[in-house]
Amino acid sequence: VQLQASGGGLVQAGGSLRLSCAASGRTFSSYVMGWFRQAPGKEREFVAAINRSGSSAYYVDSVKGRSTISRDNAKNTVYLQMNSLKPEDTAVYYCAASDRVLYGSISYSKTYNYFYWGQGTLVTVSS
């Protein structure tokens, strides 16, 4: 599967952005989808993930209540709606796909469970 992330940009603190990730290739609905981010000088970290049907979603604590992950299997696209953005949300955001069977929130958050990665989209939040 090939992944193309978009929707990043420069936004003021308190603003909102919606990231999109379009997938092509094998059946999109067969993949768990995740969003990760990497700030300058830091390791890549988990942001959110959603199961194949879209019925379950998982978030890192720092974005809970401010972000929503969703997917449209008919459009082969996963979204990340981010509200109340903070300067510490500044990072390159990557979408990723996993064809593994995952159990529990911890497994959804591990980068090693995702084999397919998009190119990243930069989100910059100014204070």
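Below, each value reflects all heavy atoms present in this structure, side chains not excepted, and no hydrogens, waters or symmetry copies.
Considering all non-hydrogen atoms of both residues, Val1 and Ala23 come closest at CG2-CB, 3.8 Å. Shown here for Ser20 and Thr77, the closest heavy-atom pair between the two residues is CB-CG2, 4.3 Å. Counting all heavy atoms, side chain and backbone alike, Ser107 lies closest to Gly104 at OG-O, 2.8 Å.
Between the CD atom in Gln2 and the CG atom in Asn76 there is a gap of 11.5 Å [rounded to 0.5 Å]. For the atom pair Ile69 CD1 and Gln81 CD, the distance stands at 12.0 Å (nearest 0.5 Å).
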For residues 119-127, dump all side-chain donor-acceptor pairs below 3.5 Å to protein atoms at least two apart in sequence or in another chain.
unit_1 : atom_1 : unit_2 : atom_2 : d
Gln119 : OE1    : Ala5   : N      : 3.2
Gln119 : NE2    : Ala5   : O      : 2.8
Thr121 : OG1    : Gly8   : N      : 3.0

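Applying the disulfide bond (SG atoms under 2.5 Å apart) test to every pair with at least one member in residues 93-127, sequence neighbours left out, gives these pairs: Cys21-Cys95. Residue pairs meeting the salt bridge (charged side-chain N to carboxylate O under 4.0 Å, His left out) criterion with at least one member in residues 92-108: none, sequence neighbours excluded.
One finds no salt bridge joining Asp89 and Lys86 here, because no Lys/Arg side-chain nitrogen approaches an Asp/Glu carboxylate oxygen to under 4.0 Å.
Under the rule for a ring-ring contact (aromatic ring centres under 6.0 Å, His included), the partners of Tyr58 that lie at least two apart in sequence or sit in another chain are Tyr108. Annotation: salt bridge (Lys or Arg N to Asp or Glu O under 4.0 Å) contacts of Arg71 (sequence neighbours excluded): none. Judged as a ring-ring contact (aromatic ring centres under 6.0 Å, His included), and not counting sequence neighbours, the contacts of Phe36 are Phe46, Tyr114, Trp117.
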One pair to check against side chain to side chain contact (heavy atoms under 4.5 Å, CB included): Lys110 and Leu102. What are the steps and the verdict?
CA-CA 10 Å; Lys110 299 300 185 182; Leu102 303 179; over 6 Å; no
Could you go through the side chain to side chain contact (heavy atoms under 4.5 Å, CB included) check for Tyr59 and Arg66 one step at a time?
CA-CA 10 Å; Tyr59 300 91; Arg66 301 190 294 121; over 6 Å; no
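Using modelled atom types, one side-chain atom of Asn51 and one backbone atom of Ser56 make a donor-acceptor pair closer than 3.5 Å.
Under the 4.5 Å side-chain heavy-atom criterion for Ile, Leu, Val, Met, Phe, Trp and Tyr, Val92 and Tyr79 are members of distinct hydrophobic clusters. A continuous path of hydrophobic side-chain contacts links Tyr31 to Phe115 [ILVMFWY only; heavy atoms under 4.5 Å].
Two residues are said to be in side-chain contact when any heavy atoms from C-beta on lie closer than 4.5 Å; Arg52 and Ser29 fail this criterion. Proximity of Met82 to Leu19: side-chain heavy atoms (C-beta onward) are separated by under 4.5 Å at one or more points. Using a 4.5 Å heavy-atom threshold, the side chains of Arg37 and Leu80 count as separate.
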